[in-house]
Amino acid sequence: MEFQPLDRDGIAARIARDIPEGWFVNLGIGIPTKVSDFVQDREVIFHAENGVIGIGPAPTEANINPYLVNAGVQHITLITGAALVHHADSFAIARGGHLDLCVLGAFEVAENGDIANWARSDHEPTKQVGGAMDLAVGAQRLWVAMEHTNKRGGGSRIRTACSYPLTAKGVVKRVYTDLAVLEVTPRGFAVLDMIPGMTREALRARTEATLIWR
Amino acid sequence: MIDKFVPSLADAMAGIQDGATVLAAGFGPGTPATLMRGLAEQGARDLTIVMNAGGRDEGPIADLLSTGLVGKLICSFVRADSVAGRQFAKGQLELEIVPQGTLAERIRAAGAGVRGFYTPTAADTILAEGRETRMINGRLCLLEYPIFGDVALIDAWQADRFGNLTHRDSARNFNPIMAMAAKMTIVQTAHVVELGAIQPEHVHTAGVFVQRVLHVPV
(Lines give C-alpha, C1' and ligand atoms only; values in the text may rest on other atoms or scores of the structure.)
Protein backbone atom coordinates (compact mmCIF):
# COMPACT_ATOMS: atom_id res chain seq x y z
CA MET A 1 0.00 0.00 0.00
CA GLU A 2 1.23 3.47 -0.84
CA PHE A 3 1.66 6.13 1.84
CA GLN A 4 1.75 9.92 1.56
CA PRO A 5 4.03 11.63 4.14
CA LEU A 6 2.40 14.51 6.00
CA ASP A 7 3.35 17.99 4.84
CA ARG A 8 4.39 20.61 7.40
CA ASP A 9 0.77 21.68 7.99
CA GLY A 10 -0.13 18.01 8.41
CA ILE A 11 2.47 17.52 11.14
CA ALA A 12 1.26 20.68 12.89
CA ALA A 13 -2.37 19.54 12.70
CA ARG A 14 -1.46 16.11 14.11
CA ILE A 15 0.27 17.75 17.11
CA ALA A 16 -2.70 20.05 17.65
CA ARG A 17 -5.00 17.04 18.09
CA ASP A 18 -3.09 16.05 21.24
CA ILE A 19 -3.17 19.44 23.01
CA PRO A 20 -6.04 19.63 25.52
CA GLU A 21 -7.95 22.74 26.46
CA GLY A 22 -6.33 24.76 29.21
CA TRP A 23 -2.67 24.04 28.46
CA PHE A 24 -0.03 26.81 28.39
CA VAL A 25 2.16 26.12 25.36
CA ASN A 26 5.31 27.53 23.76
CA LEU A 27 5.76 26.93 20.04
CA GLY A 28 9.22 27.10 18.45
CA ILE A 29 10.09 28.45 15.02
CA GLY A 30 9.15 26.50 11.87
CA ILE A 31 6.57 23.70 11.90
CA PRO A 32 5.72 24.30 15.59
CA THR A 33 4.58 27.88 14.88
CA LYS A 34 1.82 26.46 12.66
CA VAL A 35 0.31 24.36 15.47
CA SER A 36 -1.77 27.23 16.85
CA ASP A 37 -3.64 27.48 13.51
CA PHE A 38 -5.17 24.07 14.27
CA VAL A 39 -6.20 24.72 17.89
CA GLN A 40 -8.89 27.30 17.27
CA ASP A 41 -11.70 25.27 18.87
CA ARG A 42 -10.15 25.08 22.37
CA GLU A 43 -8.87 27.65 24.88
CA VAL A 44 -5.09 27.06 24.79
CA ILE A 45 -2.73 29.86 25.83
CA PHE A 46 0.30 30.28 23.56
CA HIS A 47 3.54 31.83 24.85
CA ALA A 48 6.25 33.54 22.80
CA GLU A 49 9.74 33.75 24.30
CA ASN A 50 9.87 37.53 23.79
CA GLY A 51 7.28 38.04 26.52
CA VAL A 52 3.87 37.41 24.94
CA ILE A 53 1.29 35.31 26.81
CA GLY A 54 -1.77 34.73 24.63
CA ILE A 55 -0.89 34.80 20.93
CA GLY A 56 -3.94 35.14 18.69
CA PRO A 57 -4.51 34.41 15.00
CA ALA A 58 -2.11 35.91 12.44
CA PRO A 59 -3.06 39.51 11.52
CA THR A 60 -4.42 40.57 8.16
CA GLU A 61 -2.31 43.07 6.18
CA ALA A 62 -4.64 45.84 7.40
CA ASN A 63 -4.32 45.17 11.14
CA ILE A 64 -0.58 44.56 11.54
CA ASN A 65 0.77 46.05 14.78
CA PRO A 66 4.50 46.76 14.24
CA TYR A 67 5.13 46.54 18.00
CA LEU A 68 3.86 42.99 18.33
CA VAL A 69 5.90 39.98 17.14
CA ASN A 70 6.57 36.35 18.04
CA ALA A 71 9.84 34.44 18.54
CA GLY A 72 10.39 34.41 14.77
CA VAL A 73 9.82 38.21 14.66
CA GLN A 74 6.63 37.59 12.65
CA HIS A 75 3.69 39.91 13.28
CA ILE A 76 1.02 38.48 15.57
CA THR A 77 -2.16 39.46 17.35
CA LEU A 78 -3.14 39.05 21.00
CA ILE A 79 -6.13 37.15 22.31
CA THR A 80 -8.53 38.86 24.68
CA GLY A 81 -7.01 38.17 28.08
CA ALA A 82 -3.39 38.31 26.88
CA ALA A 83 -0.52 39.50 29.08
CA LEU A 84 2.93 40.94 28.34
CA VAL A 85 6.09 40.48 30.42
CA HIS A 86 9.76 41.40 30.02
CA HIS A 87 12.42 38.98 28.80
CA ALA A 88 13.67 37.73 32.17
CA ASP A 89 10.11 36.94 33.28
CA SER A 90 9.40 35.33 29.92
CA PHE A 91 12.31 32.94 30.42
CA ALA A 92 11.33 32.42 34.05
CA ILE A 93 8.14 31.02 32.50
CA ALA A 94 10.23 28.71 30.29
CA ARG A 95 12.87 27.63 32.79
CA GLY A 96 10.60 27.65 35.81
CA GLY A 97 8.37 24.79 34.71
CA HIS A 98 5.31 26.96 34.01
CA LEU A 99 4.74 25.67 30.47
CA ASP A 100 2.63 22.52 30.11
CA LEU A 101 4.24 21.94 26.73
CA CYS A 102 6.94 23.22 24.44
CA VAL A 103 7.09 22.13 20.78
CA LEU A 104 10.44 22.60 19.04
CA GLY A 105 11.88 21.75 15.66
CA ALA A 106 15.09 19.69 15.56
CA PHE A 107 17.83 18.31 13.33
CA GLU A 108 17.97 15.05 15.32
CA VAL A 109 16.35 13.34 18.29
CA ALA A 110 17.86 10.30 20.05
CA GLU A 111 16.07 7.41 21.74
CA ASN A 112 17.34 8.58 25.17
CA GLY A 113 15.49 11.89 24.67
CA ASP A 114 18.49 13.97 23.57
CA ILE A 115 17.72 16.79 21.13
CA ALA A 116 20.03 18.60 18.68
CA ASN A 117 18.56 21.67 17.01
CA TRP A 118 21.02 24.58 16.95
CA ALA A 119 24.18 23.68 15.00
CA ARG A 120 25.44 20.99 12.63
CA SER A 121 29.03 21.08 13.92
CA ASP A 122 31.04 22.45 16.85
CA HIS A 123 32.78 25.18 14.87
CA GLU A 124 30.46 26.59 12.20
CA PRO A 125 29.76 30.35 12.30
CA THR A 126 26.01 29.74 12.51
CA LYS A 127 25.24 29.63 16.22
CA GLN A 128 21.48 29.67 16.48
CA VAL A 129 20.92 28.80 20.12
CA GLY A 130 18.27 31.42 20.77
CA GLY A 131 15.87 30.25 23.48
CA ALA A 132 15.85 26.54 22.67
CA MET A 133 18.14 25.39 25.50
CA ASP A 134 16.08 27.19 28.16
CA LEU A 135 12.78 25.92 26.74
CA ALA A 136 14.11 22.36 26.43
CA VAL A 137 15.18 22.08 30.08
CA GLY A 138 12.24 23.94 31.57
CA ALA A 139 8.93 22.88 30.00
CA GLN A 140 6.83 20.17 31.66
CA ARG A 141 6.84 18.30 28.32
CA LEU A 142 8.97 18.69 25.24
CA TRP A 143 7.59 17.47 21.92
CA VAL A 144 9.54 17.72 18.68
CA ALA A 145 8.09 18.38 15.23
CA MET A 146 10.26 17.42 12.27
CA GLU A 147 10.65 15.39 9.11
CA HIS A 148 11.54 11.75 9.82
CA THR A 149 14.48 11.66 7.37
CA ASN A 150 16.88 14.15 5.80
CA LYS A 151 15.66 15.72 2.58
CA ARG A 152 19.03 15.04 0.99
CA GLY A 153 20.34 11.49 1.34
CA GLY A 154 17.27 10.25 3.24
CA GLY A 155 19.22 9.46 6.41
CA SER A 156 17.19 8.98 9.57
CA ARG A 157 16.90 11.89 11.97
CA ILE A 158 15.51 9.53 14.63
CA ARG A 159 18.79 8.30 16.12
CA THR A 160 20.28 5.92 18.68
CA ALA A 161 22.53 8.90 19.54
CA CYS A 162 22.64 12.45 18.19
CA SER A 163 25.61 13.29 15.95
CA TYR A 164 25.20 17.08 16.16
CA PRO A 165 25.89 19.34 19.20
CA LEU A 166 23.13 18.84 21.78
CA THR A 167 20.54 21.38 22.83
CA ALA A 168 19.72 19.35 25.98
CA LYS A 169 20.02 15.76 27.20
CA GLY A 170 17.16 13.39 27.95
CA VAL A 171 14.32 15.91 27.68
CA VAL A 172 12.23 14.90 24.63
CA LYS A 173 8.96 13.10 25.43
CA ARG A 174 7.47 12.73 21.94
CA VAL A 175 8.42 13.20 18.31
CA TYR A 176 5.84 14.02 15.63
CA THR A 177 7.22 13.34 12.15
CA ASP A 178 5.77 13.24 8.65
CA LEU A 179 5.52 9.43 9.07
CA ALA A 180 4.70 8.64 12.71
CA VAL A 181 4.25 9.71 16.32
CA LEU A 182 6.96 8.34 18.62
CA GLU A 183 7.22 8.37 22.41
CA VAL A 184 10.57 8.20 24.22
CA THR A 185 10.67 5.19 26.58
CA PRO A 186 13.50 3.40 28.42
CA ARG A 187 13.37 0.60 25.78
CA GLY A 188 13.39 2.79 22.67
CA PHE A 189 10.88 4.85 20.73
CA ALA A 190 7.36 3.51 21.21
CA VAL A 191 5.30 4.00 18.04
CA LEU A 192 2.01 5.65 19.05
CA ASP A 193 0.67 6.30 15.55
CA MET A 194 1.63 5.89 11.89
CA ILE A 195 0.28 7.62 8.78
CA PRO A 196 -2.20 5.63 6.65
CA GLY A 197 -0.44 3.02 4.52
CA MET A 198 2.75 3.00 6.60
CA THR A 199 3.96 -0.45 7.75
CA ARG A 200 6.19 -1.46 10.64
CA GLU A 201 8.82 -2.68 8.17
CA ALA A 202 8.78 0.53 6.13
CA LEU A 203 9.04 2.68 9.26
CA ARG A 204 11.90 0.56 10.63
CA ALA A 205 13.71 0.94 7.29
CA ARG A 206 13.56 4.74 7.68
CA THR A 207 14.53 4.84 11.38
CA GLU A 208 18.03 4.37 12.78
CA ALA A 209 16.85 4.14 16.41
CA THR A 210 15.09 1.24 18.12
CA LEU A 211 11.32 1.15 17.54
CA ILE A 212 8.89 -0.78 19.72
CA TRP A 213 5.14 -1.38 19.54
CA ARG A 214 3.15 -1.72 22.74
CA MET B 1 14.31 70.03 39.40
CA ILE B 2 14.96 66.54 38.11
CA ASP B 3 14.92 66.51 34.31
CA LYS B 4 16.59 63.64 32.48
CA PHE B 5 15.77 64.84 28.96
CA VAL B 6 18.73 65.71 26.74
CA PRO B 7 18.40 67.96 23.68
CA SER B 8 20.37 66.02 21.07
CA LEU B 9 21.68 62.62 20.06
CA ALA B 10 25.25 63.83 20.66
CA ASP B 11 24.31 64.86 24.22
CA ALA B 12 22.68 61.48 24.78
CA MET B 13 25.84 59.61 23.75
CA ALA B 14 28.42 61.94 25.35
CA GLY B 15 31.15 60.36 27.46
CA ILE B 16 30.97 56.74 26.30
CA GLN B 17 34.53 55.42 26.59
CA ASP B 18 36.62 53.12 24.41
CA GLY B 19 36.26 49.55 25.67
CA ALA B 20 32.77 50.11 27.10
CA THR B 21 30.29 47.28 27.48
CA VAL B 22 27.01 48.45 25.93
CA LEU B 23 23.71 46.64 26.50
CA ALA B 24 21.40 47.12 23.51
CA ALA B 25 17.76 46.07 23.95
CA GLY B 26 15.29 44.87 21.33
CA PHE B 27 13.79 41.77 19.77
CA GLY B 28 12.65 43.26 16.51
CA PRO B 29 10.43 45.96 18.09
CA GLY B 30 12.01 47.69 21.09
CA THR B 31 15.38 48.17 19.41
CA PRO B 32 16.86 51.64 20.17
CA ALA B 33 17.86 52.18 16.54
CA THR B 34 18.55 55.92 16.81
CA LEU B 35 20.79 55.48 19.86
CA MET B 36 22.68 52.64 18.14
CA ARG B 37 23.32 54.96 15.18
CA GLY B 38 24.42 57.60 17.69
CA LEU B 39 26.89 55.16 19.22
CA ALA B 40 28.50 54.61 15.82
CA GLU B 41 28.69 58.40 15.27
CA GLN B 42 30.10 58.98 18.76
CA GLY B 43 33.04 56.82 17.79
CA ALA B 44 34.07 54.94 20.97
CA ARG B 45 36.14 51.92 19.93
CA ASP B 46 36.71 48.33 21.05
CA LEU B 47 33.14 48.07 22.29
CA THR B 48 31.50 44.96 23.72
CA ILE B 49 27.86 44.83 22.63
CA VAL B 50 25.30 42.72 24.48
CA MET B 51 22.19 42.12 22.39
CA ASN B 52 19.87 39.21 21.78
CA ALA B 53 20.80 38.53 18.17
CA GLY B 54 23.52 39.41 15.67
CA GLY B 55 21.12 40.61 12.97
CA ARG B 56 21.46 40.26 9.21
CA ASP B 57 23.12 42.40 6.52
CA GLU B 58 21.57 45.69 7.52
CA GLY B 59 19.66 47.12 10.44
CA PRO B 60 20.82 48.59 13.75
CA ILE B 61 23.25 45.89 14.93
CA ALA B 62 24.60 45.02 11.45
CA ASP B 63 25.23 48.70 10.71
CA LEU B 64 27.00 49.18 14.06
CA LEU B 65 29.19 46.09 13.51
CA SER B 66 30.05 47.33 10.01
CA THR B 67 31.77 50.41 11.51
CA GLY B 68 34.47 48.15 13.01
CA LEU B 69 33.99 49.76 16.43
CA VAL B 70 32.82 46.52 18.04
CA GLY B 71 35.36 43.94 19.23
CA LYS B 72 33.04 41.50 20.95
CA LEU B 73 29.38 40.53 20.68
CA ILE B 74 27.55 38.67 23.45
CA CYS B 75 24.28 37.28 22.08
CA SER B 76 22.10 34.18 21.73
CA PHE B 77 21.84 33.87 17.96
CA VAL B 78 24.12 34.54 14.97
CA ARG B 79 23.46 33.67 11.34
CA ALA B 80 26.46 32.58 9.25
CA ASP B 81 25.19 34.78 6.43
CA SER B 82 25.21 38.12 8.24
CA VAL B 83 27.67 40.89 9.07
CA ALA B 84 28.24 39.30 12.49
CA GLY B 85 28.70 35.78 11.07
CA ARG B 86 31.17 36.92 8.41
CA GLN B 87 33.18 39.10 10.84
CA PHE B 88 33.38 36.14 13.24
CA ALA B 89 34.48 33.76 10.45
CA LYS B 90 37.28 36.21 9.49
CA GLY B 91 38.43 36.57 13.10
CA GLN B 92 37.38 40.23 13.25
CA LEU B 93 34.71 39.76 15.93
CA GLU B 94 34.81 37.80 19.17
CA LEU B 95 31.53 36.01 19.90
CA GLU B 96 30.13 34.78 23.20
CA ILE B 97 27.00 32.71 22.53
CA VAL B 98 24.64 32.65 25.52
CA PRO B 99 21.26 30.87 25.61
CA GLN B 100 18.56 33.52 25.46
CA GLY B 101 17.08 32.84 28.89
CA THR B 102 20.52 32.74 30.48
CA LEU B 103 21.34 36.02 28.73
CA ALA B 104 18.22 37.64 30.17
CA GLU B 105 18.87 36.24 33.65
CA ARG B 106 22.56 37.30 33.64
CA ILE B 107 21.44 40.84 32.80
CA ARG B 108 18.68 40.73 35.44
CA ALA B 109 21.21 39.42 37.97
CA ALA B 110 23.52 42.36 37.27
CA GLY B 111 20.72 44.82 37.92
CA ALA B 112 19.65 42.94 41.06
CA GLY B 113 23.13 42.64 42.59
CA VAL B 114 23.18 38.83 42.29
CA ARG B 115 26.81 37.76 41.77
CA GLY B 116 26.17 34.35 40.25
CA PHE B 117 23.53 31.66 39.81
CA TYR B 118 23.20 28.03 38.76
CA THR B 119 20.90 27.04 35.90
CA PRO B 120 20.21 23.71 34.16
CA THR B 121 20.17 25.52 30.80
CA ALA B 122 23.12 24.38 28.63
CA ALA B 123 24.70 22.48 31.55
CA ASP B 124 25.05 19.29 29.47
CA THR B 125 26.04 20.97 26.18
CA ILE B 126 29.30 22.09 24.57
CA LEU B 127 28.61 25.62 25.88
CA ALA B 128 29.47 24.27 29.37
CA GLU B 129 32.85 22.80 28.40
CA GLY B 130 35.60 23.84 30.83
CA ARG B 131 33.16 25.64 33.10
CA GLU B 132 31.93 25.08 36.64
CA THR B 133 28.92 22.76 36.98
CA ARG B 134 27.35 21.17 40.02
CA MET B 135 24.56 18.71 40.78
CA ILE B 136 21.69 20.43 42.60
CA ASN B 137 18.84 18.17 43.72
CA GLY B 138 19.82 15.62 41.11
CA ARG B 139 20.03 18.07 38.23
CA LEU B 140 23.25 19.16 36.56
CA CYS B 141 23.52 22.96 36.67
CA LEU B 142 25.93 25.51 35.22
CA LEU B 143 27.37 28.50 37.07
CA GLU B 144 26.59 31.78 35.35
CA TYR B 145 27.80 35.30 36.18
CA PRO B 146 26.00 38.63 35.78
CA ILE B 147 26.54 40.86 32.74
CA PHE B 148 27.03 44.45 33.85
CA GLY B 149 26.80 47.28 31.34
CA ASP B 150 28.74 50.51 31.37
CA VAL B 151 25.91 51.78 29.17
CA ALA B 152 22.40 50.53 28.30
CA LEU B 153 20.57 51.72 25.19
CA ILE B 154 16.82 51.51 25.76
CA ASP B 155 13.67 52.04 23.69
CA ALA B 156 10.47 53.37 25.23
CA TRP B 157 6.98 54.33 24.10
CA GLN B 158 6.45 57.02 26.76
CA ALA B 159 8.80 58.79 29.17
CA ASP B 160 8.40 61.53 31.80
CA ARG B 161 11.15 63.82 33.11
CA PHE B 162 11.92 61.44 36.01
CA GLY B 163 12.70 58.78 33.40
CA ASN B 164 9.66 56.61 34.17
CA LEU B 165 8.95 54.54 31.08
CA THR B 166 6.33 52.47 29.34
CA HIS B 167 7.15 50.02 26.53
CA ARG B 168 4.61 49.22 23.86
CA ASP B 169 3.40 45.63 23.37
CA SER B 170 6.25 43.17 22.74
CA ALA B 171 8.71 46.07 22.42
CA ARG B 172 9.21 45.64 26.19
CA ASN B 173 11.51 42.55 25.84
CA PHE B 174 15.02 43.31 27.19
CA ASN B 175 14.36 47.01 27.91
CA PRO B 176 13.36 46.91 31.62
CA ILE B 177 16.16 44.52 32.66
CA MET B 178 18.91 46.20 30.64
CA ALA B 179 17.89 49.57 32.10
CA MET B 180 18.62 48.15 35.58
CA ALA B 181 21.99 46.59 34.68
CA ALA B 182 24.05 49.58 33.48
CA LYS B 183 25.79 52.54 35.11
CA MET B 184 24.52 54.88 32.38
CA THR B 185 21.08 54.08 30.97
CA ILE B 186 20.16 56.10 27.90
CA VAL B 187 16.59 56.01 26.56
CA GLN B 188 15.01 56.95 23.27
CA THR B 189 11.30 57.54 23.68
CA ALA B 190 8.58 57.90 21.08
CA HIS B 191 6.48 60.14 23.32
CA VAL B 192 7.20 62.65 26.08
CA VAL B 193 4.54 62.90 28.77
CA GLU B 194 3.97 65.11 31.83
CA LEU B 195 5.02 63.85 35.22
CA GLY B 196 2.08 61.86 36.57
CA ALA B 197 0.62 61.06 33.17
CA ILE B 198 1.84 57.48 33.52
CA GLN B 199 -0.11 55.95 36.41
CA PRO B 200 2.39 54.66 39.03
CA GLU B 201 1.10 51.09 38.66
CA HIS B 202 1.54 51.32 34.88
CA VAL B 203 5.24 52.22 34.94
CA HIS B 204 7.20 49.40 33.26
CA THR B 205 10.68 50.76 33.97
CA ALA B 206 11.06 53.05 36.97
CA GLY B 207 12.94 56.32 36.43
CA VAL B 208 15.52 55.48 39.11
CA PHE B 209 17.14 53.15 36.56
CA VAL B 210 17.38 55.87 33.88
CA GLN B 211 20.00 58.62 33.46
CA ARG B 212 19.25 60.25 30.08
CA VAL B 213 16.19 60.42 27.82
CA LEU B 214 16.10 61.56 24.19
CA HIS B 215 12.82 62.28 22.41
CA VAL B 216 12.78 60.42 19.07
CA PRO B 217 9.29 60.89 17.60
CA VAL B 218 7.96 58.01 15.50
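Sequence lines set the chain letters: A, B, ... in the order given, protein chains first and strands last, and positions in each chain run from 1. Values reported hereafter were calculated over all heavy atoms of this structure, with side chains retained and with hydrogens, waters and symmetry mates removed.
Taking NE2 of A/His86 as the start and NE2 of B/His167 as the end, the distance is 9.5 Å to the nearest 0.5 Å. Taking OG1 of B/Thr102 as the reference point, atom CG of A/Asp134 lies at 4.5 Å (rounded to 0.5 Å). Taken to the nearest 0.5 Å, the CD1 atom of B/Ile177 stands 8.5 Å off from the CG atom of A/Asp89.
At a 4.5 Å heavy-atom cutoff, the contact between B/Leu127 and chain A is made by side-chain atoms alone. Using a 4.5 Å cut-off between heavy atoms, B/Arg168 contacts chain A through both its backbone and its side chain. A/Pro165 touches chain B through its side chain: at least one heavy atom from C-beta onward sits under 4.5 Å away, while N, CA, C and O do not. Contact annotation for B/Ser82: neither backbone nor side-chain heavy atoms come within less than 4.5 Å of a heavy atom of chain A.
When the shell of 6.0 Å around CD of A/Glu43 is examined, it contains 12 or fewer heavy atoms from other residues, nucleotides or ligands. By the neighbour-count criterion of 12 heavy atoms within 6.0 Å, atom CD of B/Glu194 is sparsely surrounded, having that number or fewer from other residues, nucleotides or ligands.
When each of A/Val52, A/Val73, A/Leu166, A/Asn65 is checked for heavy-atom pairs under 4.5 Å with chain B, A/Asn65 comes out on top. In terms of heavy-atom pairs under 4.5 Å with chain A, the best-connected choice from B/Gly28, B/Ala84, B/Pro176 is B/Pro176. Across A/Ala88, A/Ala168, A/Ala132, A/Gly51, the residue that shares the most heavy-atom pairs under 4.5 angstrom with chain B is A/Ala88. The most heavy-atom pairs under 4.5 Å with chain A, out of B/Pro120, B/Ala123, B/Ser170, B/Ala122, come from B/Ser170. Interface check for chain B: of the options A/Gly131, A/Gly138, A/Ala94, the most heavy-atom pairs under 4.5 Å are formed by A/Gly131. Note: A/Ala71 leads A/Ala48, A/Ala71, A/Ala136 in heavy-atom pairs under 4.5 Å with chain B.
No side-chain heavy atom of A/Thr167 sits under 4.5 Å from any side-chain heavy atom of B/Thr125. Side-chain contact between B/Gln100 and A/His87 is present, with heavy atoms from C-beta onward closer than 4.5 Å. For the pair B/Phe27 and A/Asn70, the minimum side-chain heavy-atom distance is 4.5 Å or more.
Between B/Gly101 and A/Arg95, the shortest heavy-atom contact is O-NH2, 2.8 Å.
Taking the six-membered ring for Trp, A/Trp118 and B/Phe77 have ring centres at least 6.0 Å apart.
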